[in-house]
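Naming: A, B, ... by sequence-line order, numbering from 1 per chain. Just so we're clear, the structure is a prediction, and the values are computed from it rather than from any experiment.
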Amino acid sequence: MDYITTMGLEVHTELSTKTKIFCNCSTEFGGEPNTHVCEVCSGMPGTLPVLNRQVVEYAIRVGIATNCEITQYNKFDRKNYFYPDLPKAYQVSQLYLPICRNGHIDIEVNGKKKAIRIHEIHMEEDAGKLIHDPWDDCTLVDYNRCGVPLLEIVSEPDFETGEEVIAYLTKLKAILQYTGVSDCKMEQGSLRADVNLSVRPVTTDELGTRTEMKNINSFKAIARAIEGERKRQIEVIEEGGRVVQETRRWDDNKGASFAMRSKENAQDYRYFPEPDLVPIEISDEWIARVKSEMPELPDAKKARYLADYGLPEYDVDIITGSKYLVEIFEQALAACNEPKEVSNWIMGEVLRLATETSTDVEDISFDFANLGKLILLVKKNVVNRPTAKEVFEKMFRENVEPEQYIKENGLEMVQDDNLVREVVVKVLADNPKSIAEWKEGNEKVTRFLMGQCMKQLKGKADPGTVNAVIAEELAKL
Amino acid sequence: MDWMNMSALEVGKKIKAKEIGVEEVTKAALDRIAEKDKDVNAFITVCADEAMAQAKKVQKGIDEGTLTSPLAGVPMAVKDNMCTKGILTTCASKILTGFKPFYSSTAVNRLEEAGAVILGKLNMDEFAMGSTSETSFYGPVVNPWGSQRSPGGSSGGSAAAVAAGEAFYTLGSDTGGSIRQPASFCGVTGLKPTYGSVSRYGLIAYASSLDQIGPLGKNVEDVAEVLSIISGHDPKDSTSVPSGAIQTQLTGDIKGKRIGIPKEYFGDGLQADVKERVLAAAKKLEEMGAIVEEFSMPETDYAIPAYYIIACAEASSNLSRFDGVKYGYAAPEYKDLTDLYYKSRSQGFGMEVKRRIMIGAFVLSSGYYDAYYKKALQVKAVIKQSFDRAFETFDCILSPTAPTTALKLGESLSDPLKMYLGDIYTVSVNLAGLPSLVVPCGFDKEGLPVGLQLTGKAFTESQLLNIGYAFQQATDYHLHLPETKKEA
């Protein structure tokens with residue numbers, strides 16, 4: 001029997017505001033435990049929240065970028081539950097009037113376009129972090145993350161394959177980065193996804209019972225979790241069992257999911273309007289301003305790169321898929337106006353070195369304009385391509401300035417044709433055996449001779465010129 | 001002469017004139033507390049050392065001319081649900097055992113900046129839940145007007161301390177009548193300001209959408225002066241209104257003021273001599289030039305259920321943070337996390353608090369939300385509309401504060417419903433977020449004080465206080481003290 005998988009996604013993203021959603025504490029990641037904490041975010045008695053308006057602004061940005069309607073009369077609600085990472089015993093969130101509704105994100109998988117509908121986006125506060133101390137066998141609480149602003153982006157159940165999910169997440173991540181609202185570092189928890197998944201036989205239209213897998217924190221793990229859970233549910237059904245509606249935890253190391261809690265034990269969150277915050281009214285002017293300040297978004301950028309620069313679609317997808325690669329592209333382009341060259345360098349050397357040095361693209365930190373300068377130096381025959389690659393590696397690792405580095409290390413190409421000819425003549429004279437072979441029709445030796453010449457020229461000559469001179473000199477023999 | 005029987009402004013004036021020193025008057029207040037509070041139990045914490053140190057500092061500020069408020073140097077006390085930096089803050093609950101906040105409430109901060117000397121923290125119903133000040137973990141407050149009487153609640157300590165001359169003025173909080181009903185029972189003046197006019201920052205919440213801090217004192221002038229210090233926008237409280245402090249011009253001229261009497265407030269269940277005193281007060285105001293008319297406010301019947309649903313719902317959420325983990329009382333023995341929560345809360349909260357948490361959790365639970373909470377919010381809107389309508393005609397609404405005078409201690413603990421019904425004249429004001437002033441207007445046949453409630457449109461404190469002031473200029477009920485009465 002064939003099965004259809006149906007999935008919906010709930011994505012939590014931490015916003016990159018300087019301060020928390022309801023107090024002035026820093027949102028910076030990685031501080032000593034409980035150092036970015038005050039009486040408000042630690043929920044001490046009598047304290048009150050004051051909304052950081054930047055959070056609303058960011059939510060509007062994401063709403064516009066995902067084609068949502070913006071709710072102009074907004075309220076916050078309390079979600080009540082007991083847990084040590086939640087010091088007030090309620091999370092301030094939005095249930096009844098979320099800030100964005102009815103949007104969509106367009107994705108493309110294997111050349112097929114599809115719109116994934118966004119059900120809603122709401123604003124809420126993050127909880128703290130529990131850390132188990134194995135030495136003392138106790139659990140410690142770090143409230144630094146408490147009150148960091150979150151957007152929860154809830155999709156409709158529009159996904160049928162893991163590829164669609166990954167395409168959506170890639171696109172969403174790019175949107176969040178482009179709009180400057182989040183750095184989306186999954187390993188730091190600033191982008192987390194919950195997957196709701198159900199399967200049903202192709203013979204029926206009725207959706208199966210779904211399970212929810214929580215907080216999976218890499219794209220690869222999500223792909224594995226989807227495949228694993230899909231198989232598990234199909235097995236349950238094939239064995240005549242019933243899928244139970246429950247929350248499951250995906251253990252990526254074990255490659256399996258485990259039940260956390262079933263619907264029967266589901267909590268009643270006793271939502272009600274947060275009385276400590278006043279409603280937020282978003283004016284037409286506010287929305288218009290955010291719209292007018294909106295940066296170019298991934299789809300528009302891709303279209304422009306394809307139309308204006310004539311780059312291959314594959315390359316454009318990779319580059320526009322990351323705000324950070326776009327930054328490299330645009331800064332380098334501004335310095336050289338050679339889009340194809342810049343794209344080739346990014347797809348080649350930049351990504352190769354990033355992989356080689358295990359650097360995340362967002363952490364690549366050389367002066368991007370220098371890549372443009374280097375491209376011009378190649379174009380003007382100041383350096384040849386192989387040397388330029390060596391120079392680039394230095395730029396990537398140590399942020400050297402290419403022109404100066406080439407000069408200081410004497411890497412300029414030999415422009416003197418007489419010198420080239422001198423070297424070629426000498427190499428031919430020194431390798432009579434090769435000449436003999438050439439005369440017998442072995443064309444391959446020219447490559448050996450070429451190598452010898454370049455070696456003598458310390459790699460700094462234009463290979464085309466050297467080749468031409470070798471051919472001329474051989475012809476004279 | 002006994003300074004403690006003076007009003008706050010009179011003492012402030014004597015301090016300014018250097019007739020009394022701040023330390024001297026603080027010492028006198030502390031002596032008075034030592035003498036009286038054995039019987040009254042108005043204080044949970046007396047901070048004698050801190051008060052004397054503050055008195056010294058304030059005297060210096062007054063001498064140097066940096067503290068110019070008419071209340072600078074006047075000793076006062078604060079209801080124990082307002083956070084005071086470094087001073088035990090309990091909400092009269094076992095669950096806040098040992099809790100010393102590292103921040104102060106905005107109202108307290110503003111008073112301290114104006115030179116207030118805080119004598120201590122005042123007893124109350126646990127978490128402000130109650131109308132008798134008997135649900136306190138620290139024992140009941142006793143009404144200075146009669147040893148067998150409750151001072152009312154929940155700000156019973158705040159009202160009793162003023163009546164007993166233990167503090168010149170106090171801060172209370174009012175969620176459903178918690179300033180006004182004790183003011184009425186103890187024969188003092190109390191104001192529940194408009195919701196949002198005094199910052200709630202640092203007030204440990206009972207019902208966030210209804211709670212409001214306000215002053216209690218011996219007369220309207222004192223209360224108006226305190227209001228001018230504590231009111232005004234606070235950036236730390238999103239629900240505080242963006243306007244300045246409320247300054248009141250007390251002229252005593254009430255000619256032409258239209259005063260409405262809702263006839264539903266004078267029906268069954270109202271003690272006869274309370275009715276008589278309140279109507280006599282209306283007559284008095286009429287004699288002074290006000291226009292007094294009866295009108296109908298039938299929506300009153302729905303106020304009590306709506307109030308208890310909203311207040312309990314919010315309380316169930318607000319009080320969830322008290323779990324024994326970070327501060328306050330923790331059960332000494334427990335199996336696991338859930339057991340720690342369960343035992344700390346079971347042992348830490350009193351009966352009435354538990355009852356309200358359970359009611360609140362129930363009305364918010366899935367499947368019941370629409371039937372209770374949502375409906376209560378609709379009733380709240382209807383009540384607000386009915387006040388709006390009344391204020392199209394009237395400047396102020398005159399009514400009794402409570403159906404009775406001070407209840408006997410222990411009388412209502414066994415019958416919570418009866419206690420809830422005692423809030424009938426006060427809760428609507430909180431649901432509508434209005435200002436409401438209570439001034440003494442006489443005594444019942446047993447000599448217990450009766451309070452007159454004057455309710456106005458939002459942000460008309462100034463007008464209300466002026467009517468109250470006019471009444472006090474023409475009467476002397478507010479000058480009676482439990483002691484002088486006994487002597488007479």
query: Looking at B/Ala361, B/Ser105, B/Ala207, which has the largest count of heavy-atom pairs under 4.5 Å with chain A?
result: B/Ala361
- request: Rounded to the nearest 0.5 Å, what's the gap from CZ on A/Phe82 to OG1 on B/Thr338? Could you check?
  value: 10.5 Å
Gap separating the OG1 atom of B/Thr239 from the CG atom of A/Leu48, nearest 0.5 angstrom: 6.5 Å
query: Any side-chain heavy atom of A/Arg78 sitting closer than 4.5 Å to one from B/Ser320?
result: no
- prompt: Is there any residue in residues 22-46 of chain A with a non-hydrogen atom under 4.5 Å from a non-hydrogen atom of chain B, and which ones are they?
  reply: A/Glu39, A/Val40, A/Ser42, A/Gly43, A/Met44, A/Pro45, A/Gly46
task: Report, as yes or no, whether the 6.0 Å neighbourhood of atom CZ on A/Arg53 holds more than 12 heavy atoms from other residues, nucleotides or ligands.
output: no
- line: Only residue of A/Phe272, A/Tyr271, A/Tyr269 satisfying side chain to side chain contact (heavy atoms under 4.5 Å, CB included) with B/Leu364 is A/Phe272
message: Are more than 12 heavy atoms, taken from residues, nucleotides or ligands other than B/Phe459, located less than 6.0 Å from that residue's CZ atom?
response: yes
message: To check you understand the geometry: which heavy-atom pair defines the closest contact between A/Leu277 and B/Ser238, and what is its length?
response: CD2-OG, 3.8 Å
message: Could you measure the distance from the CG atom of B/Asn318 to the CG atom of A/Asp276? Nearest 0.5 Å is fine.
response: 6.5 Å
message: Tell me whether B/Tyr341 at atom OH has more than 12 heavy atoms from other residues, nucleotides or ligands lying less than 6.0 Å away.
response: yes
Closest contact, heavy atoms only, A/Thr47 versus B/Arg321: OG1-NH1, 4.3 Å
field: Validation row: A/Pro84, B/Val325 side chains within 4.5 angstrom (heavy atoms)
entry: no
- request: Give a yes or no on this: more than 12 heavy atoms of other residues, nucleotides or ligands lie within 6.0 Å of atom NZ of B/Lys343.
  value: yes
statement: From the list B/Pro235, B/Gly202, B/Pro101, the residue making the most non-hydrogen contacts under 4.5 Å with chain A is B/Gly202
query: Does atom NZ of B/Lys326 have more than 12 heavy-atom neighbours, drawn from other residues, nucleotides or ligands, at distances under 6.0 Å?
result: yes
query: Which heavy-atom pair separates A/Val50 from B/Asp237 by the least distance, and what is that distance?
result: CG2-N, 4.3 Å
query: Does NZ belonging to B/Lys85 count more than 12 external heavy atoms closer than 6.0 Å?
result: no
- request: Determine yes or no for a side-chain-to-main-chain donor-acceptor pair under 3.5 angstrom, with A/Asn80 supplying the side chain and B/Ser317 the backbone.
  value: no
query: Regarding A/Arg270 and B/Tyr369, is there a side-chain donor-to-acceptor distance under 3.5 Å anywhere?
result: no
